[in-house]
K.L.:
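Once you've had a glance at the structure underneath, I'll fire off some questions.
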Amino acid sequence: MSPADPRSGDPAVSSATPPESPLAMPVQDFGAPPRLAFPRQRNGWRVWMARLVAFGGTAAIAFVGFQQMLRTFGDNPTPMQWALLVLFVPTFAWVGFSFCNVLAGLFASRLTTPDGPNDARLAVVMPIYHEDAQKSIGLLTALARELEREGMAGRTEIFVLSDSRDPVIAVNETLVIDAARKLSPLPIWYRRRITNEDRKTGNISDFVRRWGGRYDQMVVLDADSIMTGATIRALSARMTADPRLALIQTMPILVGGETIFARLTQFAGRVYGPMIARGVSAWSGDTGNFWGHNAIIRMSAFASACGLPRLPGKPPFGGTILSHDFVEAAALCRAGWKVRLDHDLRGSFEGCPPTLLDMAARERRWAQGNLQHSRLFGMRGARAITLAHFAIGILGFAMSPLWLALILVGLVLSATVLLSTPEYFPTAYQLFPDWPVFDAQRMLWLFAAAMALLLLPKLIATFRAWMRPLARNSGGPVRIFASSLFEILLSALIAPVQMLIQTRQIYEILRGRDSGWNAQVRAGSMPDWNVVIARHWVHVMLGIGTLIVLAQFSPAQLIWLSPILAGLILSPVTSRYSASPVFGRWARMRGLLVTPEERDPPAILSDANAVVRAMPRPLKGAAGLLDFGGDADRIGRHVALLPEDPALPEDKRLARITAAAKIAHARSRAQALDYLTRDETDALVSDAALLRQWSVLPS
């Protein structure tokens, strides 16, 4: 393939996008049997052993927990004890699954990259929605340089797929793309959708249907994620070597964290993440999952199997599928394709939420998307492990209300014992009393077992890091162990708050509240006290109220609940100061929560930072747009990246007409902007004729 070079210095440059090469992407009917691309194959013995350890071990832990808890209550449990038992078993099993997943990783296959020629045509695709264009396009420009060094420049192109609706952001995108084309040795194409139905799924599907025939494979990135050129070359070679392989997911390493919260998440992902990924890879086998980005996809497989339908009914359970990645992996697997998690590749990176409140905002959308999967358990031809992925995704959020209910039932049981007078002789002629049964010693052992299952994976991962360069590159064994203890302590304070936040999210979703579609926060700031108090005052009052009641009636209970109560009472402090870059720098200076990527930044990230510094300064608000309107050169570069004569829906045509009328009536560019609504301003920056009409007005 010899694509036209879209760099601005090349005289062949003309359009924002290459010629269309349509690829059919039919909408799937998940109620009908799938059309198999290949006969289904059995997994090898390693996968089955990993599943036996992961799921069989979890079932065994759940059974032992059930049995021991039942013995704690004796032969005749009360209704509240039965309720506690019903809530305890799934939460105990969930903790056990984390431990069993680690053990399952012992059976993970050894992965290799085949040698030999590879001429697969590749598109690197980055969907964006109201992002910092300089940072996102800077990452892609650095990647283009690495791909050239890897010898992939002749068969790789980069596509930026914008869904942005903000007119100022849209102009920033085109100006940055124009600058990036001068720096990139690879073609960088740009398309902004006129409308953005179905969110990210619609964005990707539009690309596949219009240009999918131009490529054999596509690498999907998020706006804050990137992969090294060597990793993409390895992924492409692995996919080319196996014609049944439709998707390879990598395990992204979190980078760029500055706040304590981001560094905490980053450290946990770097130290514990590879071991967890190894376990998931082992029991998933060729029926893996997709996390929406940092993966390579076979274009023909994706187009034939992943045209997602809208779910019947209204949001939050109907409409566009939000957690589309899980469903796309399921659709590929049911059609006979392989989906795999390659846990061995380390050149895959992404950013992380800077604050607890930003993470909560992301999780709101993820919670809704994962709960939608409950409507897809009837998918015809779905693989059993696919349904396990769905269930694990749902339980990841459902465990919070279960955990809260477990704590509340435990408190009610304690209150019942403290406030009621037991009836030892319920019948008048009873010779021996009915003593209430509660084996406190057995309960203590169950609590210790739960804590061990919770902490063992983290400790195993820490000791595993000692035996690898990871510890040396993170400051040495002592510092990495101290960092793990610090992470465990801070996570214990954050966990109760996340429990209540996720419980509220589940409640809102069940009540029918949609999450909407807001831009993700990539670089947050430390929230003011009034913000954190407004978000956490309920958590504080619940913690203080429980503390007062227990101190009055059952001080011994405080020993068990002190981590939870401390997390709730301190939640405003934790939320605010964990968002502080100052404390993040303090931790780094003392060697806490340091990762190898901080001590020795990957070359692609350093190069991306240099590219960003060479990018044009972004426009800001109406003042920036006014300044843009007086610069004919920038207007020309922006217009060059607009689609030629697009077919507009009725509402967009109306906005263009009214915008033209208001501009004609205005006496200056500033007055015209004052007249225009946001939709009309969007029509202005999307239409070359309107821009020319507006730009000739006096400033």
K.L.:
Within the 4.5 Å heavy-atom criterion, are Ser571 and Arg535 side-chain neighbours or not?
P.N.:
no

K.L.:
Determine whether Tyr190 and Thr174 make a side-chain contact, defined as any pair of heavy atoms from C-beta on separated by less than 4.5 Å.
P.N.:
yes

K.L.:
How about Ile169 and Arg165: do any of their side-chain heavy atoms sit closer than 4.5 Å?
P.N.:
no

K.L.:
With Gln368, which residues qualify under side-chain hydrogen bond (donor to acceptor under 3.5 Å, both in side chains), at least two apart?
P.N.:
Arg364, Asp514, Ser515

K.L.:
Among Val208, Ile297, Ile204, which residue satisfies the side chain to side chain contact (heavy atoms under 4.5 Å, CB included) criterion with Val125?
P.N.:
Ile204

K.L.:
Donor-acceptor pair, distance only, cut-off 3.5 Å: does the side chain of Glu598 make one with the backbone of Thr595?
P.N.:
yes

K.L.:
Is His373 reaching over with its side chain to a backbone N or O of Val327, donor-acceptor style, under 3.5 angstrom?
P.N.:
no

K.L.:
Taking salt bridge (charged side-chain N to carboxylate O under 4.0 Å, His left out) as the definition, give me every residue that meets it alongside Arg310, ordered by chain and number, with sequence neighbours left out.
P.N.:
Asp198

K.L.:
Using only atom types and a distance under 3.5 Å, with no angle test, would you say the side chain of Glu597 pairs donor to acceptor with the backbone of Val255?
P.N.:
no

K.L.:
Once rounded to the nearest 0.5 Å, what's the spacing between atom CD of Gln502 and atom CG of Leu500?
P.N.:
10.0 Å

K.L.:
Looking at every heavy atom in both Leu247 and Ala295, which two are closest together, and how far apart are they?
P.N.:
CD2-CB, 4.3 Å

K.L.:
Please check: side-chain N/O of Glu258 versus main-chain N/O of Gly256, any donor-acceptor pairing under 3.5 Å?
P.N.:
no

K.L.:
Any chance you could measure Leu122, atom CG, to Met152, atom CE, to the nearest 0.5 Å?
P.N.:
5.0 Å

K.L.:
Quick one: closest heavy-atom pair of Met227 and Ile604, and the distance?
P.N.:
O-CD1, 3.4 Å

K.L.:
So does Ile494 get a backbone contact from the side chain of Thr574, meaning a donor-acceptor N/O pair under 3.5 Å?
P.N.:
no

K.L.:
Apply side chain to side chain contact (heavy atoms under 4.5 Å, CB included) to Ile509 and Phe317, showing your working.
P.N.:
CA-CA 8 Å; Ile509 293 166; Phe317 286 96; 3.9 Å; yes

K.L.:
Can you confirm whether Arg678 is buried at CZ, in the sense that more than 12 heavy atoms of other residues, nucleotides or ligands lie under 6.0 Å from that atom?
P.N.:
yes

K.L.:
Run the side-chain hydrogen bond (donor to acceptor under 3.5 Å, both in side chains) test on Ser323 and Asn370 for me, step by step, so that the C-alpha distance in whole Å, both residues' side-chain angles and the decisive distance to 0.1 Å come before the verdict.
P.N.:
CA-CA 6 Å; Ser323 293; Asn370 286 12; 3.0 Å; yes

K.L.:
Only counting residues at least two apart or in another chain, list the ones meeting side-chain hydrogen bond (donor to acceptor under 3.5 Å, both in side chains) with Asp631.
P.N.:
Arg634

K.L.:
Judged by atom type as modelled, is there a donor-acceptor pair below 3.5 Å linking the side chain of Glu328 to the main-chain atoms of Leu308?
P.N.:
no

K.L.:
Shortest non-hydrogen contact from Pro527 to Ala579?
P.N.:
CD-CB, 3.6 Å

K.L.:
Do Leu23 and Met299 have side chains that get closer than 4.5 Å, going by heavy atoms?
P.N.:
yes

K.L.:
Can you tell me how the ring of His536 sits relative to the ring of His539, calling it parallel under 30°, perpendicular over 60° and tilted otherwise?
P.N.:
tilted

K.L.:
Not counting sequence neighbours, list each pair that qualifies as a salt bridge (charged side-chain N to carboxylate O under 4.0 Å, His left out) and has a residue in residues 599-625.
P.N.:
Arg145-Asp607

K.L.:
Does the side chain of Asp216 come within less than 4.5 Å of Arg121's, by heavy atoms?
P.N.:
yes

K.L.:
For the residue pair Leu221 and Leu140, establish whether any side-chain heavy-atom pair is separated by less than 4.5 Å.
P.N.:
yes

K.L.:
Mind checking salt bridge (charged side-chain N to carboxylate O under 4.0 Å, His left out) for Asp633 and listing every partner two or more places apart, or none if nothing turns up?
P.N.:
Arg637

K.L.:
Are any side-chain N or O atoms of Asn203 and backbone N or O atoms of Leu161, one a donor and one an acceptor, separated by less than 3.5 Å?
P.N.:
yes

K.L.:
Just how far is it from atom CZ of Phe583 to atom CE of Met526, taken to the nearest 0.5 Å?
P.N.:
8.0 Å

K.L.:
For Thr195, which residues count as a side-chain hydrogen bond (donor to acceptor under 3.5 Å, both in side chains) partner, sequence neighbours excluded?
P.N.:
Glu197

K.L.:
Answer whether the closest heavy-atom distance between the side chains of Tyr129 and Lys200 falls below 4.5 Å.
P.N.:
no

K.L.:
Under the rule for salt bridge (charged side-chain N to carboxylate O under 4.0 Å, His left out), what residues qualify as partners of Glu680, not counting sequence neighbours?
P.N.:
Lys662

K.L.:
May I ask you to decide if Leu648's main-chain N or O and Arg653's side chain share a donor-acceptor pair within less than 3.5 Å?
P.N.:
yes

K.L.:
Output all residues satisfying salt bridge (charged side-chain N to carboxylate O under 4.0 Å, His left out) with Asp687, sequence neighbours left out; order by chain, then residue number.
P.N.:
Arg656

K.L.:
Could you tell me the separation between the OH atom of Tyr215 and the OG atom of Ser21, rounded to the nearest 0.5 Å?
P.N.:
9.0 Å

K.L.:
Within this structure, what is the SG-CE distance for the pair Cys306 and Met25, rounded to the nearest 0.5 Å?
P.N.:
6.0 Å

K.L.:
At their closest point, which heavy atom of Val612 faces which heavy atom of Gly138, and how far apart are they?
P.N.:
CG2-CA, 4.2 Å

K.L.:
Is a side-chain N or O of Ser184 found less than 3.5 angstrom from the main chain of Arg181, in a donor-acceptor match?
P.N.:
no

K.L.:
ring-ring contact (aromatic ring centres under 6.0 Å, His included) with His638: which residues, sequence neighbours excluded?
P.N.:
Phe628

K.L.:
On a heavy-atom basis, which atom in Pro354 and which in Phe261 lie closest, and how many Å separate them?
P.N.:
O-CB, 3.7 Å

K.L.:
Under the ring-ring contact (aromatic ring centres under 6.0 Å, His included) rule, collect the residues that match up with His324, sequence neighbours excluded.
P.N.:
none

K.L.:
If you define the side chain from C-beta out and look only at heavy atoms, does anything of Val531 sit under 4.5 Å from Leu357?
P.N.:
yes

K.L.:
Name the atoms and distances for all side-chain donor-acceptor pairs under 3.5 Å in residues 691-699, with sequence neighbours left out.
P.N.:
| unit_1 | atom_1 | unit_2 | atom_2 | d |
| --- | --- | --- | --- | --- |
| Gln693 | NE2 | Ala660 | O | 3.2 |
| Trp694 | NE1 | Arg669 | O | 3.2 |
| Ser695 | OG | Leu691 | O | 3.0 |
| Ser695 | OG | Arg692 | O | 3.1 |

K.L.:
Between Tyr577 and Trp529, what is the ring plane arrangement, given parallel below 30°, perpendicular above 60°, and tilted in between?
P.N.:
perpendicular

K.L.:
Is a side-chain donor-acceptor pair under 3.5 Å present for Ser236 with Gln217?
P.N.:
yes

K.L.:
With a 3.5 Å distance limit and no angle check, can you tell me whether Trp211 reaches the backbone of Pro18 through a side-chain donor-acceptor pair?
P.N.:
yes

K.L.:
With sequence neighbours excluded, tell me which residues meet side-chain hydrogen bond (donor to acceptor under 3.5 Å, both in side chains) with Asp682.
P.N.:
Arg192

K.L.:
Quick one: pull up CG in Leu254 and OG in Ser225 and give me the separation to the nearest 0.5 Å.
P.N.:
11.0 Å

K.L.:
Work out which heavy atom in Ala144 is nearest to a heavy atom in Ile158; give both atom names and the distance.
P.N.:
CB-CD1, 3.8 Å

